[in-house]
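Note that the numbering runs from 1 along the sequence shown for the chain.
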Amino acid sequence: MKKVVVITGGGSGMGLEAAKYMDKNKIIVISGRTESKLENAKQELEKLGFEVYSKACDTSKRESVQELARFAATLGEVSNVINSAGVSPAMGGKPEDIMRINGLGTVYMNQEFSKVMKSGSVIVDVASNSAYQLPKLMLPTKHYHLAESDEEKFLKKTLWLANKIKGDYQKAGLAYAISKKFVTWYAAKSAFDFGEKGIRVCSLSPGLIATGMGELEKENGGNLIPLACEKRMGKPEELGFALATVADERNGYLAGVDVLVDGGSVRGMKEFRKQR
């Protein structure tokens, strides 16, 4: 039975780049919300010699994620899942929409795919270095557990501050940072929940990357660029390789942690390039 790699957000950016570093003996399933983008990505990967399937999926809806998991399982043994689907502040949307896609989408992906995965498989959830930028007092971590028991209460409790501040971008930006901090937390929780089944889970937090999404954020997030070691944005192929490496089964002891791949910008902000 062939092994199957599932990549959400695989129609472009770092998700598509990650697919290019996968084992060509594995079947690739790319998913996203825009079918035309998926078709273009599918053709690009097929030209490189991959066996590829595309499947539209809205990760903010559990039923859609369940369909994706069932589809992938019909193709073979699901061995690797990279959940890079998400929205950023500049893409618009209310705080609740951002948390549903980035936060609850991670819950649905991890829960539903763990049902069809076997020992030795891997889930990598994509977070962001924004998860490291908020003071602890602004992080509603004590309410994160509600995501599995009361979604509406989870949204209300985690987003109360984001809904109070002024400015659409400011609201979205705070909701985004909170949602990505949740992703790092939930990936770690999943690692312990699924560890006894032999399913490895971790998260990866990119910095500002020169993708379509990254370019949208450059105007407001560009202040991080001079804080990085090389004072530049990351390249999509660099993050694609990082994702593929973290998702590789041979990294068997890399679990329950977040891998920060941001060119050093968080460390620069907090220490080496900190404004005094």
Chemist: Anything under 30° is parallel, anything over 60° is perpendicular, the rest tilted; go ahead and classify Phe182 against Tyr144.
Modeler: perpendicular
Chemist: Regarding Ser265 and Asp262, do their side chains bring together a donor and an acceptor under 3.5 Å, going by distance alone?
Modeler: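 A pair is found: one side chain offers a donor N or O, the other an acceptor, under 3.5 Å apart.
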Chemist: For residues 225-233, which side-chain donor-acceptor pairs fall under 3.5 Å, sequence neighbours excluded?
Modeler:
unit_1, atom_1, unit_2, atom_2, d
Glu230, OE1, Arg232, NE, 2.7
Glu230, OE1, Arg232, NH2, 3.3
Arg232, NH1, Glu238, OE1, 3.2
Arg232, NH2, Glu238, OE2, 2.9

Chemist: Do other residues, nucleotides or ligands put more than 12 heavy atoms under 6.0 Å from the CZ atom of Arg33?
Modeler: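 No, not enclosed.
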Chemist: How is the hydrophobic cluster of Tyr132 composed, in terms of its other members, when Ile, Leu, Val, Met, Phe, Trp and Tyr link through side-chain heavy atoms under 4.5 Å apart, directly or indirectly?
Modeler: Leu260, Val266
Chemist: Would you call Glu112-Lys115 a salt bridge at under 4.0 Å N-O?
Modeler: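 Looking at Glu112 and Lys115, the cut-off is met.
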Chemist: So does Arg70 pair up with Glu67, basic N to acidic O under 4.0 Å?
Modeler: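 Between Glu67 and Arg70 there is no salt bridge, as every charged N stays at least 4.0 Å from the carboxylate O atoms.
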Chemist: To the nearest 0.5 Å, tell me how far Tyr108 OH sits from Lys61 NZ.
Modeler: 9.5 Å
Chemist: Does the side chain of Glu237 come under 3.5 Å of the side chain of Tyr21 through a donor N or O and an acceptor N or O?
Modeler: no
Chemist: With rounding to the nearest 0.5 Å, note down the distance linking CD1 in Ile178 to CG in Leu159.
Modeler: 6.0 Å
Chemist: To the nearest 0.5 Å, what is the distance between OG (Ser60) and CD1 (Ile101)?
Modeler: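 Reported value, rounded in 0.5 Å steps: 5.0 Å.
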Chemist: From the options Thr184, Asp258, Asn83, Thr106, select the one residue that forms a side chain to side chain donor-acceptor pair (under 3.5 Å) with Ser203.
Modeler: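 Answer after filtering Thr184, Asp258, Asn83, Thr106: Asp258.
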Chemist: Measure the shortest side-chain to side-chain distance between Leu75 and Phe71 over non-hydrogen atoms and say whether it is less than 4.5 angstrom.
Modeler: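 Yes. Closest side-chain heavy atoms under 4.5 Å.
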Chemist: Are the charged groups of Lys2 and Glu77 less than 4.0 angstrom apart, N to O?
Modeler: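 Between Glu77 and Lys2 there is no salt bridge, as every charged N stays at least 4.0 Å from the carboxylate O atoms.
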Chemist: Any carboxylate oxygen within less than 4.0 angstrom of a Lys/Arg side-chain nitrogen, looking at Arg100 and Glu152?
Modeler: yes
Chemist: Just wondering, more than 12 heavy atoms not from Gln170 lying within 6.0 Å of its CD?
Modeler: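 Count over threshold, so yes.
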Chemist: Indicate yes or no: does Glu17 engage Lys235 in a salt bridge with an N to O separation below 4.0 Å.
Modeler: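 A salt bridge is absent here (no side-chain N lies under 4.0 Å from a carboxylate O).
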Chemist: Ion pair present between Lys171 and Asp168, side-chain N to carboxylate O less than 4.0 angstrom?
Modeler: no
